[in-house]
Amino acid sequence: MGVEGIGARVVRKEDKRFITGKGRYVDDIKLLGMTHAHFVRSPHAHAKVKGIDSSAALNMPGVVAVLTGQQIVDDKVGNLICGWAITSKDGSPMKMGAWPAMAPETVRFVGQAVAVVIAESKNLARDAAEAVVVSYEELPAVADVHAAIKSGAPQLHPEAPGNQVYDWVIGDEGATDAAFAKAANVVKLDVTNNRLAPNAMEPRAALADYDAAEEHFTLYTTSQNPHVARLVLSAFYNIAPEHKLRVIAPDVGGGFGSKIFIYPEEMVALWASKKIGRPVKWTGDRTEAFLTDAHGRDHVTHAEMAFDANNKITGLKVKTYANFGAYMSLFSSSVPTYLYATLLSGQYNIPAIHAEVIGVYTNTTPVDAYRGAGRPEASYLIERLMETAARQLNVDPAALRRNNFITEFPHQTPVIMAYDVGDFNASLDAAMKAIDYAGFAGRKAKAKADGKLRGIGVSCYIEACGIAPSKAVGSLGAGVGLWESAEVRVNPVGTIEILTGSHSHGQGHETTFCQLVAERLGVPISQVSIVHGDTDKVQFGMGTYGSRSAAVGLTAILKAMEKMESKAKKIAAHALEASEADIVIENGEFKVTGTDKAIALPMVALAAYTAHNLPDGMEPGLKESAFYDPTNFTFPAGTYICELEVDAGTGKTSFVNFVAADDFGRLINPMIVEGQVHGGLVQGIGQALLEHAIYDDNGQPITASFMDYAMPRADDVPSFNLSHTTTLCPGNPLGIKGCGEAGAIGASAAVINAITDAIGKNNLEMPATPDRVWRTIHAA
Amino acid sequence: MYQTKYHRASSVDEAVSLFGKSSEAKFLAGGQTLLPVMKQRLASPSDVIDLGKIKELQGVELSGDTLTIKAGTTYYDIMTNADVKKAIPAIAHLTSVLGDPAVRYRGTIGGSIANNDPAADFPAALLALGATVKTNKRSIAAEDFFQGLFSTALEDGEIITAVAFPVPAKAGYEKMRHPASRFALTGVFVAQTKSGEVRVAATGASQSGVMRVPAIEAALKANWSPSAIDSVSISANGLLADIHGTAEYRANLVKVMAQRAVAAAG
Ligand SMILES: Cc1cc2nc3c(=O)[nH]c(=O)nc-3n(C[C@H](O)[C@H](O)[C@H](O)COP(=O)(O)OP(=O)(O)OC[C@H]3O[C@@H](n4cnc5c(N)ncnc54)[C@H](O)[C@@H]3O)c2cc1C
């Protein structure tokens, strides 16, 4: 409805402040008496802390305090937790090593904090941190998963013998083995899913302010989920009870998952603020971001797929080693298990699946959810396997996929997920048409005549989003429910505030959420504002990740809107002396249907607040809230096809075309959806061609700056050709599936499938750097 | 960044005298190398002497067969200069693929060669074109100027004032960009002088910095064409190897970039 309702390409309300430099990020906030923290971090990947001498630092000008790991342990600040319990195949719980916010005894990755210097300025804190003398006894370190599980490997945690966190399985092993025993063909593949550094544009930051008189803390932090941060800080880290802790996540410059987690720096800032009686600010620099923001991916997998004589898939076996780094980050355990192996059916009818996932500690930065979280790893694996199968079985890769698509819904996969709806043929058709798949052979021949190697790569992804039905995730080990809450406040003059537990850090909620209100009430979005990111303002919320804000968060807003509208209709009916059933809402007015009698929303609101003439027994006010818990995941799906050329002389890849046909269910704002897809695709392409967080054998990071870690830039990626094939999600009233992660989930397989097609060699690891591609081309 | 004292010099003489009065001074040109290094606290000069506002260090002159680029001229100004484009278009091309726009607007030819990063672009141009580096004290042939990784013939406090390039008969530069930094993973500058001499220099390839490539020079001397290089074999010994390129890959790039540079030179 209307120019600003659902489906309208409304320009983002929040961009005025962002592009005029008026955004307000944590580091922009300055408090009276504020001090600055700088962490003393380990240069070693594995070492014993033998002693910390702070005397020189304490004597430097402007230094307020030097606090150490032992002090934070003595003060009983809790160790960091992992919020999703995973059980190994032998029934034992996962094995967690203790993770204190600053290391009192042992450091296990380069960058782990051992002490913090608090000073009058950032630079003074940094100067003094260099004067803190830490004596270490170096221990042997291990960075690679395979090396870490070998006998005799350096051991990280006494709690986890063999560096093994868990050995988890899913699916029916007997049925899968039986399928392989009868298979006409078996396709095998080894793939590595490269470790990535998330690199949000704004580095993490925390500003903690303790009010001794009120015994109350305020934390300004770069969080995707401030209420979850408060919950964890209160319930597990002993910082303060919830009513004595306010967490504010103001404008946040990107997260991609890395700002879901509660990090040591926030804990230390809060604790230190109370200790010194002054506000404490920490703003990470880019090096700290590379060293301490949770990394993503890092899987090593062997997989086998069984086919019958008709090229129908009959079984899938997967064994994955997941590198968790040195500690189990907040949601890390769920990523290679319930967010990965449950998606291994892809878009295909696979009768039997068995997957085993071995979680491994190494002396590297902890790994956790990063845009897509587990689903990119699953999708990449399946789509590389399908391409490999097509080559081995000598059939067209698109036709092989089509031959195995799930076409009837709902569909129960053998790995928990029950797909509700989809039309995989429709997105494959749309993508093939957009890229002129049929004409590819001719284009390849022509390119060959020009001395170029041209390739095409298909990727049909599916993901589970709208995270998540609380009961289901609870039964799988999650420590939290994953519903969302909302409150709708109609003010006495008729303007509207939506309070949401979702958190926007680039997603454009301030626009899309207003569009729902515009759609339902017919008011301009300028009369609506979105309130989020403050535990003192918003009732509660689980935050933004897992493409959940529209499917779950916006549905909660819809539920609250419905309650508000129902009350407003009663007030309107009373005022208009009509029946409530005859009231309709149009263009900001409550009308008696079929008449010209109407009362404008502001008058209804005013009536609600003056309460001079309300229906008998009605409470004054016009404010409603709702908690919405989804009944299922949502399943965005689609097809990406990439066409590219490889320069055989240098191994360099150049894109010719990249098409995306996505099914996200209903789109609220197609322009914002396109932006989300663009960003996701760039991250997927970044993983395929450029990005790799690398450690040497001793656990020293060698890609801790943008001079070494290749982030994609505008000229590294093509212009995208996007389209949508829509099936509405039956699980929520708006029919929304979510669009935030799709690009990052589906793109990398399309790119690698295209390069391997171009060079005629199937085995190529990511990132497919020119050097690697060139060596693959020229390998014997 | 550590505390430092900033000076803005208005002439080369003033810069030299300021340098003499400081304990550990550094000249600042575009700041595209010096400032990041200072920010990371890897350099802590007591004084920073800014050369950016010295008029005599700015500009390009073409006189006869010599193209002179003053040391403080930015890459952007070089790239867009009509004399550069006319006399040695390969240099305009080299600056157009150097770094990114921010780097090109700030960085200078003098800063680049004073720094002598083993993957920098300009050292290859100087070496292949047989350029002369002019300082406040003397003239130094490119051969003698570059002395291995990050090291040059410059003495303490010596200021580069200009680079004089003999205008060649033909020249070309091709570069494989480092995917992260955009420096040269390997870049090759080929030149044929007006007297018929062939000079080829590669950057980003060797462990000891910018180098001449005699095998390719010989092949091109016999036959100035890309295919002349087909049979040349470049050894990976002594070449750089890192996460973005093995030594074998760089050896291949020396050859492939040389072929493409010859094609570009015409
Ligand atoms: C992101 C990025 C990408 C880059 N990509 C490339 C690339 O692709 N190719 C490339 O070649 N370079 C690249 N660079 C480096 C860039 O070219 C620098 O500009 C150059 O190395 C230094 O030049 P400057 O003018 O910035 O010098 P500064 O950083 O100011 O100085 C560098 C050094 O030179 C000395 N110096 C400067 N001028 C003089 C002078 N006239 N006389 C004596 N000493 C002097 C200074 O004292 C200092 O020691 C890149 C840099 C960055 C940050």
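Every chain is numbered from 1 and lettered A, B, ... according to where its sequence line falls, protein lines coming before strand lines. Values in this document were obtained by computation on a predicted structure and should not be read as measured data.
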S.K.: Examine whether an atom of A:S705 lies under 4.5 Å from a heavy atom of chain B, and if so say whether it belongs to the side chain, the backbone or both; otherwise answer neither.
M.R.: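 Contact with chain B involves no heavy atom of A:S705 at all.
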
S.K.: Is the closest side-chain heavy-atom distance between A:T650 and B:Y249 below 4.5 Å?
M.R.: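 Result yes, sub-4.5 Å side-chain heavy-atom pair found.
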
S.K.: I'd like to check A:D771 versus B:R250 (side-chain heavy atoms, cut-off strictly below 4.5 Å). Are they in contact?
M.R.: no

S.K.: Please indicate whether B:K5 has more than 12 foreign heavy atoms, meaning atoms of other residues, nucleotides or ligands, lying under 6.0 Å from its NZ.
M.R.: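 Incorrect, the count does not exceed 12.
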
S.K.: Given B:I243 and A:H692, is the side chain to side chain contact (heavy atoms under 4.5 Å, CB included) satisfied, shown in steps?
M.R.: CA-CA 10 Å; B:I243 57 171; A:H692 197 183; over 6 Å; no

S.K.: For atom CG of A:D697, is the number of surrounding heavy atoms from other residues, nucleotides or ligands below 6.0 Å larger than 12?
M.R.: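 For A:D697, atom CG is not crowded (no more than 12 foreign heavy atoms under 6.0 Å).
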
S.K.: If you count the non-hydrogen atoms of other residues, nucleotides and ligands that lie under 6.0 Å from OH in B:Y76, is the total more than 12?
M.R.: no

S.K.: Top residue by heavy-atom pair count (under 4.5 Å) with chain A, among B:R41, B:K255, B:Q259?
M.R.: B:R41

S.K.: May I ask you to check whether over 12 heavy atoms, not counting those of A:F706, lie within 6.0 Å of atom CZ?
M.R.: yes

S.K.: Tabulate, in ascending numerical order, the residues of residues 170-184 of chain B having at least one heavy atom closer than 4.5 Å to a heavy atom of chain A, or enter 'none'.
M.R.: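 If one takes a 4.5 Å heavy-atom cut-off, the residues of residues 170-184 of chain B near chain A are B:M176, B:R177, B:H178, B:P179, B:A180, B:S181, B:R182, B:F183.
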
S.K.: Could you tell me which portion of B:M257 (side chain, backbone, both or neither) has an atom closer than 4.5 angstrom to a non-hydrogen atom of chain A?
M.R.: side chain

S.K.: Is there a donor-acceptor contact under 3.5 Å from the side chain of B:N252 to the main chain of A:G649?
M.R.: yes

S.K.: How about B:R106: does its CZ atom have over 12 heavy atoms from other parts shown lying under 6.0 Å from it?
M.R.: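 No.
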
S.K.: Between B:H244 and A:D708, what is the shortest heavy-atom contact and its length?
M.R.: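 Scanning both residues, the minimum pair turns out to be NE2-O, 2.9 Å.
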
S.K.: Just so I understand: if I count every heavy-atom pair under 4.5 Å between each of A:D647, A:L689, A:D285, A:I694 and chain B, which residue has the most?
M.R.: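 Highest number of pairs under 4.5 Å: A:D647.
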
S.K.: Check whether A:P767 gets within reach of chain B through its side chain, its backbone, both or neither, counting any heavy atom under 4.5 Å.
M.R.: neither

S.K.: So does B:D100 pair up with A:R713, basic N to acidic O under 4.0 Å?
M.R.: yes

S.K.: Relative to chain B, which of A:D127, A:I702, A:L690 shows the most heavy atom pairs under 4.5 Å?
M.R.: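 Most heavy-atom pairs under 4.5 Å with chain B: A:D127.
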
S.K.: At a 4.5 Å cut-off on heavy atoms, which part of A:E130 comes close to chain B: side chain, backbone, both, or neither?
M.R.: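 Only the side chain of A:E130 comes within 4.5 Å of chain B.
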
S.K.: If you count heavy-atom pairs under 4.5 Å with chain A, which of B:Q40, B:E248, B:R260 comes out on top?
M.R.: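 Among B:Q40, B:E248, B:R260, the one with the most close pairs to chain A is B:R260.
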
S.K.: Counting heavy-atom pairs under 4.5 Å to chain B, which of A:R126, A:M711, A:R775 comes out on top?
M.R.: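 Looking at each of A:R126, A:M711, A:R775 in turn, A:R126 comes out on top.
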
